[in-house]
Amino acid sequence: MTAAESAEAAQRYDPRAIQEKWQRRWEKLDTFRASDDPADTRERAYLLDMFPYPSGDLHMGHAEAYAIGDAIARYWFQLGRNVLHPIGWDAFGLPAENAAIRNNAHPADWTYANIETQAESFRRYAVSFDWSRRLQTCDPEYYHWNQWLFLRFYERELAYRKDGYVNWCPKDQTVLANEQVIDGRCERCGTVVVRRTLTQWYFRITSYADQLLADAEALERKWPERVLLMQRNWIGRSEGAEVHFAVEGRDEPVTVFTTRPDTLYGATFFVVAADSPLAEELCEPSRLEELRAYVAEVRKLTDIERQATGRDKTGVFLGVHAVNPVNDELIPVWAADYVLPDYGTGAIMAVPAHDQRDLDFARAYGLPVRGVLETGQPDPATGGIATAGDGQLINSGPLNGLGKAEAIARITAILAEKGLGHAAVNYRLRDWLVSRQRFWGTPIPIIHCPSCGEVPVPEEELPVVLPDLRGQDLVPKGVSPLAAATDWVNVSCPKCGGPAKRDTDTMDTFVDSSWYFLRYCSPHYAEGPFDPDNVRRWAPVDLYVGGVEHAILHLLYSRFFVKVLHDMGLVDFREPFTRLLNQGQVINGGKAMSKSLGNGVDLGRQLAAHGVDAIRLTMISASPPEDDIDWADMRPEAMVKFLARAWRIAGDVAAAGSSRPDGEPGDVALRRVTHHTIDDVTRLVEAHRLNVAVARLMELVNATRRAIDSGPGAGDPAVREAAEVLAVLLSLFAPYTADECWELLGHQPSVARAGWPVADPALLVTDSVTAVVQVNGKVRDRVEVPPDISEDDLREVALAAAGVIRALGGQSIRKVIVRAPKLVNVVAG
RNA sequence: GCCCCGGUAAACCAAUCGGCAGAGUUGACGGAUUCAAAAUCCGUGCAGUGUGGGUUCGAGUCCCACCCGGGGCACCA
């Protein structure tokens, strides 16, 4: 290499060399360690990125999410806060188990190998984590506390076992929670889910339905509106009444839930879910065979087919009658497929005149239709359209003449008085099914004893550690692989000492992620899931960054956990995440990246080609954080170019040997730009409008370049100031280049500790502004005026402006609107 | 079917409170530099804001209806 060539190379921006240099230096600096010291008076701030599942290396989606979270965390650091920004891994789950079967290995092998890969990638990606708090949910030190919490839930009867008609994924060979079934398919593998009756463990999240709903109000404007909406829809609260119907041949009445108790006089038949135990129980014996044949048909259908819109409703008559409690009328009891066994009580009163589903069924089977609401709409019996709105009650005894609301109140009171029913609230939300028939998860800490029943594992025996199963041991067989580990399963009962067996199911991995943010506050604490003092100081999370795909599952479960912990007195807050930022997805060519489409973009290759800083900047500047990024539209080269421009400015300033002696601030025009940029970027980062913040940085670079080339030159103190401000602002998004610039400018590393610049208010005010002068809404002139000009003065100046006089052309002025100092609109005509 | 979010230049995206439609980036074109190219620097053009109404002195911004795209819920009694 000639001297000229090497001089040229030294002037070329080389992201790879910069990365290697700074990554080594940063390791020694340990800049981002959060301080637990109670005497540390800095303001505490907790920024949490949703922890990753170790499915392989990091991908483009991670690159976006962590670039966003890191920019805000680094901003908080620059402000001088004591920032908790931890990382860990959501490390239990099926993919590890499937890989272990394939490779005849242990799930931990795959899991920890991937974690190491991701950890290395995070370091290279320069995310400002406190690595000392790293956790993995598959470590016994972590899942110990899942078990501890499970037992606390159990004590409070918030964990219980029951027979349920559950969702079963035939491919993964395990049950799924309702939240994990998307359009009738397994959330993880897409297989059509079938129904099975199994005895399973549940968490009683429904006890908290009202609180989950009520506390969502407090999250308004702090969480994205659509997430709150999705949670509200999911909880699905509806108000109405429960009504008890006597049924022939049964001692106890059958209760139904209805949102329209006012239409009770219009009930002309009664329906129970065909596939509920109730149907068989109520059925007249001679019709049992017919019912069973029918139920067999219904069960052949998947939920997808069963819920297809427009499908004809079917059912069979059970040969018995129910008694309408308000008029003692006998109405036939049917079993049908359109009533769901697990919503409400699995039975309904059918009011065909005023419910479309009941009307469709009545018309299909020739059942009577009786209108009890006068709505002015055509008769449902002939028109086929049920009238479901408000109206005046008719044919309804004491309700006649009332409107809907009054009638509901009246009938509810009557029913309550006679013991025939009462006002009631029903939820769509079901209890959270937490058992899984797979290996790589937290063992449920319960022992089943033939004489004592369910016995909790004593606290001092926790954690119940997974046995060492691998390879073929893990092939799913419909029961948990743990069941085959006889040495592990067979124990003596902690209560009576007799032979007993461990529960062989493991917990849903969403249990792990429902409280990990608390563990980060004291990750090595051995006396409990977390140190209450540390949690009091750090939690709740100030800002939670992650994908909207967790809008219901993870976020709802975490909220539930925190409410339970609050009621147990372990935390003093009721919501885990004060603010939530949902970043969009990275897509390619208008579609989600997928193997089958072959449109995947490899993060490692992108980083190798353009450098970490350029990829981070591409993610940040592409769009508002919550919007999707279409990688096909992105040009990372543009960001390399920008970073090179910023880096050359630092180099030019260094070469010019400029300094900032007191009393010599330098070029005031550039200083105005610099301080306006500080002001703007501060506000934009606060508002999470990171893409616009980057645009402001680009403006500052452009202005500084001009100042160097065709202004006061690189030696001007204002140019140095601009370069220094640029390095600090840039450190949120492009930490490598920022540190390199900072060093070139003669400062000690790291720029991450430089402190956020403060805009000089004197440089933010301008001595003149341009006021726009309009005539009839069209811009006709501009005038330079002082910013504090009065309305009257501005009016006078505007009316005298040449452009105005020309535009008026002698027309009379009807009105002048003045918005000092920016605008005047002359209305003429 | 119901409910949310979005639609601005060739592309991605800006536009505090209703107040000049353009900050930034890409692409395109032109110039400087160069033997030439790359790199670098400078400059140029490109839309009246999905459609139709309304409110207003003034609407990308507010209201109504519709179209398109994305998302959520959906025999939920």
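Each chain gets a letter, A, B and so on, in the order its sequence line appears, and its residues count up from 1. Only heavy atoms go into these numbers, but all of them, side chains included; no hydrogens, no water, no symmetry mates. Treat the numbers as computed from the prediction; the structure is a model and nothing was measured.
In this structure A:His554 satisfies the ring-ring contact (aromatic ring centres under 6.0 Å, His included) test together with A:Tyr544, A:His550, sequence neighbours excluded. The ring-ring contact (aromatic ring centres under 6.0 Å, His included) search around A:Trp334 returns A:Phe317, A:Phe361, A:Tyr365, not counting sequence neighbours. Scanning for side-chain hydrogen bond (donor to acceptor under 3.5 Å, both in side chains) contacts around A:Gln356 gives A:Asp360, with sequence neighbours left out. Taking A:Thr618 as the reference, nothing meets the side-chain hydrogen bond (donor to acceptor under 3.5 Å, both in side chains) condition, with sequence neighbours excluded. Judged as a side-chain hydrogen bond (donor to acceptor under 3.5 Å, both in side chains), and not counting sequence neighbours, A:Thr263 has no contacts. Contacts of A:Asp679 classified as side-chain hydrogen bond (donor to acceptor under 3.5 Å, both in side chains), with partners at least two apart in sequence or in another chain: A:Arg683.
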**Asked** Which dot-bracket string describes RNA chain B (Watson-Crick N1-N3 plus N6-O4 or O6-N4, or G-U N1-O2 and O6-N3, all under 3.5 Å; [ ] crossing; | other strand)?
**Response** (((((((..((((.....[..).))).(((((.......))))).....(((((..]....))))))))))))....

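Neither OP1 nor OP2 of B:rG24 sits under 4.0 Å from any side-chain N or O of A:Ser621. In this model, the phosphate group of B:rC41 is approached by a side-chain N or O of A:Arg648 to a distance below 4.0 Å at OP1 or OP2. The side chain of A:Asn691 places an N or O atom within less than 4.0 Å of a non-bridging phosphate oxygen (OP1 or OP2) of B:rA14.
Of the candidates B:rC75, B:rG19, B:rA77, B:rG19 carries the atom nearest the A:Lys822 side chain, counting heavy atoms from C-beta on. Side-chain atoms of A:Arg430 lie closest to B:rC76 of the nucleotides B:rG19, B:rA23, B:rC76.
The residues A:Arg806 and A:Asp781 are annotated as not salt-bridged, no charged nitrogen and carboxylate oxygen being separated by less than 4.0 angstrom. Electrostatic pairing of A:Asp792 and A:Arg795 counts as a salt bridge here, judged by a charged N lying under 4.0 Å from a carboxylate O. With respect to the salt-bridge test (charged N to carboxylate O, under 4.0 angstrom), the residues A:Asp312 and A:Arg363 do not qualify. With salt bridges taken as basic N to acidic carboxylate O contacts below 4.0 Å, one links A:Asp709 and A:Arg705. We find that A:Arg357 and A:Asp355 are joined by a salt bridge, their nearest charged nitrogen and carboxylate oxygen being less than 4.0 Å apart.
Each of A:Asn426 and A:Val779 was assigned the nucleotide of RNA chain B with the nearest heavy atom; the assignment lying further toward the 5' end belongs to A:Val779. Remark on RNA chain B: of its neighbouring residues A:Thr258 and A:Ser623, the 5'-side contact belongs to A:Ser623, judged by nearest-heavy-atom nucleotide.
One interatomic measurement links the two molecules: CD1 of A:Ile649 to P of B:rU40, which rounds to 13 Å at whole-angstrom precision. Look at CZ on A:Phe270: it is 12 Å from C1' on B:rA77, rounded to the nearest Å. B:rA11 atom P lies 20 Å from atom CD of A:Glu637, rounded to whole Å. For the pair A:Asp709 CG and B:rU33 C1', the computed distance is 13 Å after rounding to whole Å. Between A:Ile587 atom CD1 and B:rG70 atom C1' there is a gap of 10 Å when expressed in whole angstrom units. Protein atom CG of A:Leu643 is 14 Å distant from nucleotide atom C1' of B:rG24, rounded to whole Å. Taking atom CD of residue A:Gln356 and atom C1' of nucleotide B:rC76, one finds them 16 Å apart after rounding to whole Å. One interatomic measurement links the two molecules: NZ of A:Lys591 to C1' of B:rG70, which rounds to 14 Å at whole-angstrom precision.
Listed by first and then second residue, the salt bridge (charged side-chain N to carboxylate O under 4.0 Å, His left out) pairs involving residues 253-266 of chain A are A:Arg260-A:Asp262 (not counting sequence neighbours). Residues in residues 634-645 of chain A take part in these side chain to side chain donor-acceptor pair (under 3.5 Å) pairs, two or more places apart or across chains: A:Arg645-A:Asn702.
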Please list each protein N or O that sits under 3.5 Å from an N or O in nucleotides 25-28 of chain B, with the distance.
| from | atom 1 | to | atom 2 | distance (Å) |
| --- | --- | --- | --- | --- |
| B:rU26 | OP1 | A:Lys641 | NZ | 3.3 |

For nucleotides 71-73 of chain B, list the nitrogen or oxygen atoms of the protein found under 3.5 Å from its nitrogen or oxygen atoms, one pair per line.
| from | atom 1 | to | atom 2 | distance (Å) |
| --- | --- | --- | --- | --- |
| B:rC73 | O3' | A:Arg428 | NH1 | 3.3 |

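Straight-line distance between the C1' atoms of B:rA9 and B:rA21: roughly 11 Å, to the nearest whole Å. If you take atom P in B:rC42 and the same atom in B:rG27, they sit 16 Å apart, rounded to whole Å. Taking atom P on both nucleotides, B:rG54 is separated from B:rG45 by 35 Å, rounded to a whole Å. Comparing the P positions of B:rC3 and B:rC46 gives an interatomic distance of 42 Å, to the nearest angstrom. A gap of 33 Å separates the P atoms of B:rA11 and B:rU55, to the nearest Å. Comparing the P positions of B:rU8 and B:rU49 gives an interatomic distance of 12 Å, to the nearest angstrom. Nucleotides B:rU44 and B:rA10 place their C1' atoms 16 Å apart, quoted to the nearest Å. The separation of B:rU34 from B:rA14, taken at their P atoms, amounts to 41 Å, rounded to a whole angstrom.
Taking the syn range as angles within 90° of 0, the glycosidic angle of B:rG48 is syn. With a glycosidic angle further than 90° from 0, B:rC46 counts as anti.
Counted by atom type alone, A:Ser238 and A:Asn426 present zero donor-acceptor pairs between their side chains at under 3.5 Å.
For the atom pair A:Leu373 CG and A:Lys404 NZ, the distance stands at 9.0 Å (nearest 0.5 Å).
Here A:Met349 lies out of heavy-atom contact (under 4.0 Å) with every strand. Across all strands shown, A:Pro624 has heavy atoms under 4.0 Å from sugar-phosphate atoms exclusively, and none from any base.
Looking at A:Leu581 and A:Ile68, their side chains come closer than 4.5 Å, going by heavy atoms from C-beta outward.
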**Complete:** For nucleotides 56-62 of chain B, 5' to 3', base contacts (B), sugar-phosphate-only contacts (S) and non-contacts (-) with protein non-hydrogen atoms under 4.0 Å give -B-----

